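Take a look at the structure set out below.
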Number of protein chains: 2
Amino acid sequence: MTGTTSAVPSRSDAVRNRRLLLDAAAKTFAERGVEVSIGEIAQRAGVGKGTVFRHFSSKEELLAAIMLGMLDELVDTGTALLTADDPGSALREFMAAGVQSLVTDRAFCEVIGRPSLQHPEVRDAIDRLCDVAEALTARARRQDIVRPDVTGTDVVLLLGGIHHTAAPLLIAEPQAWRRYLELALDGITIPTERRLPHPPPHRLPLTTPDPDPGR
Amino acid sequence: MTGTTSAVPSRSDAVRNRRLLLDAAAKTFAERGVEVSIGEIAQRAGVGKGTVFRHFSSKEELLAAIMLGMLDELVDTGTALLTADDPGSALREFMAAGVQSLVTDRAFCEVIGRPSLQHPEVRDAIDRLCDVAEALTARARRQDIVRPDVTGTDVVLLLGGIHHTAAPLLIAEPQAWRRYLELALDGITIPTERRLPHPPPHRLPLTTPDPDPGR
DNA sequence: ACCGAACCGGACCGCTCGGTCATCTTAGGG
DNA sequence: CCCTAAGATGACCGAGCGGTCCGGTTCGGT
């Protein structure tokens with residue numbers, strides 16, 4: 001659950017500074033993206049630059065620790081939704097949570113979807129995310145809510161795509177991503193009668209060309 | 001059409017170097033993204049670093065010149081498709097061309113969709129792209145192919161989203177973006193009978209509740 | 001052939017970055 | 001209370017960047 005990379009130190013000031021550092025890094029990465037300097041994070045945490053490298057061997061290690069936390073959080077959300085009543089709503093809620101995370105964290109959406117040269121632990125967490133997404137998708141698929149050819153990986157990839165589509169609008173309209181989430185959902189779901197202008201023919205009034213033994 | 005920012009010089013060696021520079025910059029930006037150094041572009045063009053800044057006042061100016069060319073190319077493609085027979089296919093082809101451009105040019109997909117602090121000429125070109133996309137969309141909308149609430153701006157935004165969705169797969173499977181293009185198209189189009197498991201009832205064999213004077 | 005202006009090139013500048021290290025501070029067990 | 005090992009610090013390093021500048025080169029009109 002708490003996927004810290006390095007071992008947690010023993011001295012009280014060290015554990016306190018580590019917390020300060022993780023909190024400051026999470027906020028700063030979220031606001032400004034992966035390009036922020038270590039110096040800025042250290043300043044925000046109220047510690048020296050050298051302290052950062054005492055706790056994390058490199059900038060990438062620090063970033064990975066933060067990203068891992070976010071990914072695990074999403075995995076937990078998805079896992080909880082596996083027991084929800086309506087598989088369709090569960091999938092929608094999972095995707096909404098995913099896109100929401102991307103919207104509120106700039107570094108998160110910069111890291112995800114760039115599998116090249118990425119921390120192995122982060123890769124593993126993304127795999128876990130794909131697994132839970134696949135479980136949610138399979139449940140919805142079994143009820144003919146989503147197409148048979150849509151996978152959990154599709155769903156995870158779509159999270160980034162939905163966010164990226166809405167990104168230019170988010171400053172002016174922070175909820176714009178919901179528009180494209182619905183669009184994507186319409187793309188992956190099987191069309192239902194509510195999308196057609198008229199209710200569908202349920203049974204033909206007179207002639208039924210095929211045998212209908214059951215009911 | 002050819003949206004060069006600075007004036008084209010008069011001396012023969014200068015115009016030759018300018019061409020060399022534009023070609024090298026286009027290739028290098030496409031392959032490595034906007035982060036490539038001016039030095040690398042100059043080296044690839046076979047000129048000195050100073051020559052770059054003689055022709056373009058800054059790196060951003062050079063990048064804008066390249067991006068402007070790509071955007072205008074897409075606008076031309078869209079304009080040509082406005083006279084195509086089938087509005088639905090025209091829209092699909094336009095979107096395919098757009099995503100294809102994003103797939104083959106890393107800088108292009110980094111620049112588009114980041115309207116903040118962007119060259120005004122590039123902004124204008126994006127506006128023109130939205131206009132032609134709106135024209136294409138309106139044509140498809142009029143024939144009930146796409147939803148009434150989908151705009152040209154939606155379509156342009158979706159180009160980036162589709163590419164971004166497929167990006168992690170493109171190295172292994174360069175055509176993967178087509179999957180998500182179809183998905184997006186399914187999201188913005190009005191469901192048609194070909195998506196239902198059986199062909200629709202065309203005319204009821206016997207009872208026709210509404211008058212059918214024509215035939 | 002000549003000459004001035006346009007052009008070229010790469011050393012150079014100032015800056016920021018991730019990361020290191022010698023020196024100083026402090027927690028906390030005995 | 002004291003001593004030591006763990007921890008904190010910020011000056012420092014080398015690399016790389018965009019952009020500048022001036023001495024040398026070349027084009028092209030006359």
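Because the structure is predicted, anything quoted here is derived from the model rather than measured.
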Between CZ of B/R32 and C1' of D/dC17 the distance, given in whole Å, is 14 Å
Closest of D/dT20, C/dG19, D/dC27 to the A/F53 side chain is C/dG19
Presence of A/S12 side-chain N/O under 4.0 Å of C/dG28 phosphate oxygens OP1/OP2: yes
Can you confirm whether more than 12 heavy atoms, excluding those of A/E73, are under 6.0 Å from its CD atom? no
Whole angstroms only, please: what is the CG-P distance between B/L63 and D/dC17? 16 Å
Whole angstrom value for the distance that separates C1' of D/dA8 from CG of A/L20: 13 Å
How many Å lie between CG on A/L21 and C1' on D/dG7, as a whole number? 13 Å
Going by the side-chain contact (heavy atoms from CB on, under 4.5 Å) test, name the single residue among B/D127, B/V111, B/V122 that passes it with B/L71. B/V122
Verdict with reasoning, A/F108 to A/L74, per side chain to side chain contact (heavy atoms under 4.5 Å, CB included): CA-CA 12 Å; A/F108 192 43; A/L74 252 186; 4.2 Å; yes
Rounding to a whole Å, what distance do you find between B/R54:CZ and D/dT20:P? 12 Å
I need the CZ-C1' distance between A/R11 and D/dA6, as an integer number of Å. 5 Å
Side chain of A/V47 only, please: which of D/dT9, D/dA8, C/dC8 is the nearest? D/dT9
Crowding at CD, A/Q43 (>12 non-hydrogen neighbours, <6.0 Å): no
Assign each of B/S10 and B/T51 the nucleotide of DNA chain D bearing its closest heavy atom; nearer the 5' end lies the nucleotide of B/T51
For a quick check, tell me whether the side chain of A/K49 and the base of C/dG19 share a donor-acceptor pair closer than 3.5 Å. yes
Examine D/dA8: is either OP1 or OP2 under 4.0 Å from a nitrogen or oxygen in the side chain of A/N17? Give yes or no. yes
Taking only the side-chain nitrogens and oxygens of B/S37, find out if one of them lies under 4.0 Å from OP1 or OP2 of D/dG16. no
The nucleotide from D/dG18, D/dG7, C/dC7 with an atom nearest the side chain of B/K59 is D/dG18
Given that A/V36 and B/D13 both sit by DNA chain C, which one's nearest nucleotide is further toward the 5' end? B/D13
Rounded to whole Å, the CD-P distance (B/Q43 to C/dA11) equals 13 Å
Starting at the 5' end of DNA chain D and moving along, which residue's nearest nucleotide shows up first, A/G46 or B/I38? A/G46
Stepwise salt bridge (Lys or Arg N to Asp or Glu O under 4.0 Å) check, B/R32 with B/E40: CA-CA 11 Å; B/R32 319 251 322 243; B/E40 189 171 335; 2.4 Å; yes
Please report, rounded to the nearest Å, how far the C1' atom of C/dG18 is from the CD atom of A/E61. 14 Å
B/H55 side-chain proximity, nearest of D/dG7, D/dC17, C/dC8: C/dC8
